[in-house]
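Working notes, beginning with the structure itself.
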Amino acid sequence: MTEPWNAVATLADPSRRALYDYVRRQDHAVGREEAADATEMSRNLAAFHLDKLVEAGLLTARYEPPAGRPRGRGRAPKVYEPTGDGLTVTIPQRQYELLADVLAEALAAGESPGQVARERGRRFGQAMGGAGDVLGALAGLGFEPEAGADAVRLHNCPFHAVAARHTELVCGLNLSFVTGLLDGLGQDAQARLAPRPGACCVEVTPAAQA
């Protein structure tokens, strides 16, 4: 079982955090060379930090030959995968209190949860001064945004555990919240549903493209 404070201490190192984030975002087990290339560090240094992440219970490791290649002599390369959601410390970041507040406010006011979520997002964007950095705002809320050529994709759902049980409700609230956030930031962009396994159901696109 992962000890929360051990996990936090391990991820305090920027190199380990970068490796952990990279491995967790992949849909396959990651080898040492791939991880080293992705984080721009030497293979030996990457191997050292990856094994420390295994010791902390944040990653699991096994030996696996490369896909599509015949098994050669010697031991197969070591590959790494995340352990899952079994941490008491929320890594990645979750925002269950925000979700609870939105639902409670909607119930008390007799309004739709989507309307309340959109207003919450708008107020959050305005509190940042308007015309703010959408990537910074989304990152601060735990969405783990990544700007691509055609869209900003969100790697993490801050309401993950609830979304797994009530997908339609939570994805709708996510969409409303991000829509309000963009409005509050004065961004010429639009949020839309784009479900992907293991990621947030919302992405942000330029308004013209959306």
Side-chain angles (χ1 to χ4, degrees), residues 8 11-12 14 17-18 20-22 24-27 39 82 85 87-210:
V8 171
L11 292 175
R17 183 63 198 236
Y20 175 72
D21 286 344
Y22 178 77
R24 188 169 53 78
R25 290 176 180 176
Q26 307 312 306
D27 59 1
T39 54
D85 295 325
L87 293 179
T88 303
V89 176
T90 51
I91 304 168
Q93 185 177 350
R94 305 299 186 203
Q95 294 284 358
Y96 298 121
E97 185 176 349
L98 172 60
L99 179 61
D101 283 349
V102 167
L103 294 174
E105 184 178 329
L107 182 63
E111 299 177 350
S112 74
Q115 181 178 348
V116 173
R118 183 164 183 162
E119 178 58 24
R120 278 294 189 95
R122 187 182 68 81
R123 292 203 302 263
F124 185 86
Q126 289 179 332
M128 296 189 66
D133 174 15
V134 65
L135 292 179
L138 291 167
L141 288 163
F143 283 101
E144 296 186 1
E146 180 182 20
D150 57 351
V152 174
R153 293 180 173 83
L154 310 179
H155 288 287
N156 177 51
C157 173
F159 317 121
H160 172 74
V162 183
R165 297 191 295 270
H166 305 284
T167 306
E168 185 175 351
L169 170 65
V170 176
C171 285
L173 293 178
N174 249 337
L175 179 63
S176 296
F177 183 84
V178 176
T179 297
L181 176 65
L182 295 172
D183 182 46
L185 290 171
Q187 294 288 324
D188 185 22
Q190 183 168 332
R192 67 180 183 186
L193 289 175
R196 294 179 295 129
C200 181
C201 56
V202 177
E203 69 178 19
V204 176
T205 61
Q209 178 177 319

Please confirm whether the backbone N or O of Tyr22 pairs with a side-chain atom of Gln26, one donor and one acceptor, at under 3.5 Å?
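Yes.
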Has the side chain of Arg196 got a donor or acceptor atom that lies under 3.5 Å from a matching backbone atom of Leu154?
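The answer is yes, because a donor-acceptor pair under 3.5 Å joins these two groups.
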If I take atom [atom1] from residue [X] and atom [atom2] from residue [Y], how far apart are they, to the nearest 0.5 angstrom?
| X | Y | atom1 | atom2 | answer |
| --- | --- | --- | --- | --- |
| Gln126 | Leu185 | CD | CG | 9.5 Å |
| Arg122 | Thr179 | CZ | OG1 | 13.0 Å |
| Leu103 | Leu173 | CG | CG | 6.0 Å |
| Asp183 | Gln190 | CG | CD | 11.5 Å |
| Thr39 | Tyr20 | OG1 | OH | 15.5 Å |
| Asn174 | Thr167 | CG | OG1 | 11.0 Å |

Please step through side-chain contact (heavy atoms from CB on, under 4.5 Å) for the pair Phe177 and Leu141, ending with a clear verdict.
CA-CA 11 Å; Phe177 183 84; Leu141 288 163; 3.4 Å; yes
Contacts of type side chain to side chain donor-acceptor pair (under 3.5 Å), residue His166, not counting sequence neighbours
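Counting only residues at least two positions away or on another chain, His166 forms no side chain to side chain donor-acceptor pair (under 3.5 Å).
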Asn156, Leu135, Val152, Val178 screened by side chain to side chain contact (heavy atoms under 4.5 Å, CB included) with Phe143, the one that passes
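So the option named by the test is Val178.
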If you compare all heavy atoms of [X] against all heavy atoms of [Y], which two are closest, and at what distance to 0.1 Å?
| X | Y | answer |
| --- | --- | --- |
| Cys171 | Leu193 | O-CD2, 3.9 Å |
| Cys157 | Ala163 | SG-CB, 4.1 Å |
| Pro82 | Arg24 | CG-CA, 4.0 Å |
| Ala189 | Val204 | CB-CG1, 3.8 Å |

What verdict does the side-chain contact (heavy atoms from CB on, under 4.5 Å) test give for Val134 and Leu182, after you've listed the backbone C-alpha separation in whole Å, the side-chain angles of each residue and the deciding distance to 0.1 Å?
CA-CA 7 Å; Val134 65; Leu182 295 172; 3.4 Å; yes
Could you check Glu111, Glu97, Glu105 and say which one makes a salt bridge (charged side-chain N to carboxylate O under 4.0 Å, His left out) with Arg120?
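Per the salt bridge (charged side-chain N to carboxylate O under 4.0 Å, His left out) rule, the option paired with Arg120 is Glu105, out of Glu111, Glu97, Glu105.
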